[in-house]
Amino acid sequence: EAFVPDTNSLKALREAAADCRGCPLHGPATQTVFGEGPRRARLMMVGEMPGDREDLAGHVFVGPAGRELDAALERAGIARSDAYVTNAVKHFKFRERGKRRIHDTPKKSEVDACLPWLREELRLVKPEVLLILGAVAGKALLGSSFRLTRSRGEPVESDLAPCVMATIHPAAILRAPDGEARQAEREAFVDDLQAVAARLDG
Ligand code: URA
């Protein structure tokens with residue numbers, strides 16, 4: 001909270017976030033990966049935290065999970081460039097395994113420390129539809145009782161936006177045990193995005 005400036009400028013917010021030291025994750029990470037998209041976006045999507053690629057590039061959802069997201073958005077007829085895309089946590093948390101950096105799930109204290117940034121993004125963008133991608137973002141925004149299995153695909157009761165929906169994190173598609181399961185996850189993800197598209201159209 002102490003690092004969040006009093007501003008109505010998304011650009012000023014993003015610049016301030018680059019220097020955030022509000023939790024230990026800034027240490028090993030390359031850079032802050034802040035949300036991206038139009039200030040007037042009608043759709044905001046919130047993922048978990050940047051991955052290896054995002055940490056290096058400084059942009060959200062540009063790695064393998066981002067490719068799944070892009071493909072599904074295209075099939076659902078949603079232009080990613082019209083959406084504001086961000087994460088619950090804005091620094092990559094990882095464990096080193098040899099030369100590779102492996103995703104490490106952020107702790108509740110780290111998610112909580114980062115939440116003031118997300119709240120400000122929501123306050124400034126004021127999306128009509130807020131789409132939560134996965135359980136970490138769901139718990140961050142809706143509380144620890146949030147269960148993705150219970151809330152998926154249906155509008156969620158919340159005053160965060162006129163319409164709040166939740167679906168899987170696209171990385172879950174990549175973790176499916178085999179090709180068939182992966183394809184089933186993909187189809188279900190597209191179904192959820194189509195429900196979002198219907199909201200935006202209607
Ligand atoms: N996973 C996320 O949650 N966010 C990203 O930006 C990339 C992968």
Side-chain angles (χ1 to χ4, degrees), residues 10 13-14 17-18 20 23 25-26 28-38 41 43-74 76 78-97 100-122 125 127 129-142 146 148 151-152 160 164-176 182 185-186 188-190 192-193 196:
L10 212 43
L13 206 61
R14 155 189 290 276
C20 187
C23 83
L25 297 187
H26 69 86
T30 307
Q31 57 194 318
T32 306
V33 182
F34 205 68
E36 295 173 308
L43 169 64
M44 184 187 285
M45 293 184 274
V46 183
E48 178 185 318
M49 72 171 179
D52 179 68
R53 300 290 182 82
E54 289 80 13
D55 171 77
L56 296 173
H59 298 290
V60 290
F61 281 105
V62 292
R67 281 196 290 280
E68 290 292 337
L69 179 62
D70 287 347
L73 285 171
E74 191 174 339
I78 298 172
R80 174 160 164 179
S81 57
D82 289 345
Y84 187 88
V85 187
T86 190
N87 285 301
V89 171
K90 288 166 173 64
H91 281 110
F92 178 38
K93 182 179 185 182
F94 57 91
R95 285 173 284 123
E96 275 169 299
R97 192 181 295 158
R100 292 182 59 207
R101 303 189 303 169
I102 311 292
H103 168 279
D104 202 1
T105 302
K107 288 195 277 199
K108 184 175 185 304
S109 60
E110 292 154 350
V111 176
D112 289 348
C114 215
L115 196 56
W117 295 112
L118 182 54
R119 289 202 183 285
E120 287 297 281
E121 289 174 291
L122 266 169
V125 176
V129 181
L130 171 62
L131 179 64
I132 290 166
L133 302 172
V136 170
K139 286 182 197 296
L141 286 167
L142 301 169
F146 173 82
L148 186 59
S151 301
R152 175 168 193 185
L160 292 172
V164 178
M165 289 172 120
T167 184
I168 55 161
H169 191 287
I173 297 167
L174 302 167
R175 288 194 302 267
R182 200 169 305 127
E185 291 284 7
R186 277 194 185 115
F189 186 47
V190 171
D192 290 347
L193 293 181
V196 168

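All residue numbers refer to positions in the sequence shown, counting from 1. The figures here come from the full heavy-atom set of this structure, side chains too, leaving out hydrogens, waters and symmetry mates. Treat the numbers as computed from the prediction; the structure is a model and nothing was measured. We count ligands from 1, going down the list as the structure has it; atoms in each ligand are counted the same way.
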Among all protein heavy atoms in this structure, tell me which lies nearest to [atom], with the distance rounded to 0.1 Å.
{"atom": "atom 6 (O) of ligand 1", "answer": "Phe61 N, 2.9 Å"}
{"atom": "atom 2 (C) of ligand 1", "answer": "Met49 O, 2.9 Å"}
{"atom": "atom 4 (N) of ligand 1", "answer": "Asn87 OD1, 2.7 Å"}

First locate atom [atom1] of [X], then atom [atom2] of [Y], and finally report the distance between them rounded to the nearest 0.5 Å.
{"X": "Leu118", "Y": "Leu130", "atom1": "CG", "atom2": "CG", "answer": "8.0 Å"}
{"X": "His26", "Y": "Glu110", "atom1": "NE2", "atom2": "CD", "answer": "11.0 Å"}
{"X": "Asp70", "Y": "Arg80", "atom1": "CG", "atom2": "CZ", "answer": "4.5 Å"}

Review point. Do the numbers put Arg101 on top of the ring of Phe94, so that NZ or CZ is under 6.0 Å from the six-membered ring centre and no more than 45° off the axis?
Key: yes

Revision key, fill the gap. Tightest non-hydrogen contact, residues Ala29 and Phe92, listed as CB-O, 3.8 Å

**Study point:** Check: Gly47 N/O within less than 3.5 Å of ligand 1 N/O
**Key:** no

Practice item. Going by heavy-atom distance to atom 7 (C) of ligand 1, choose the closest among His59, Arg53, Glu54, Lys90. Key: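 Ranked by closest heavy atom to atom 7 (C) of ligand 1, first place is Glu54.
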
Check your understanding: Does His169 reach ligand 1, in the sense of a heavy atom lying below 4.0 Å from it?
Key -> yes

Review point. Against heavy atoms of Glu48, which atoms of ligand 1 measure under 4.0 Å?
Key: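 The list of qualifying atoms is 2 (C), 3 (O).
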
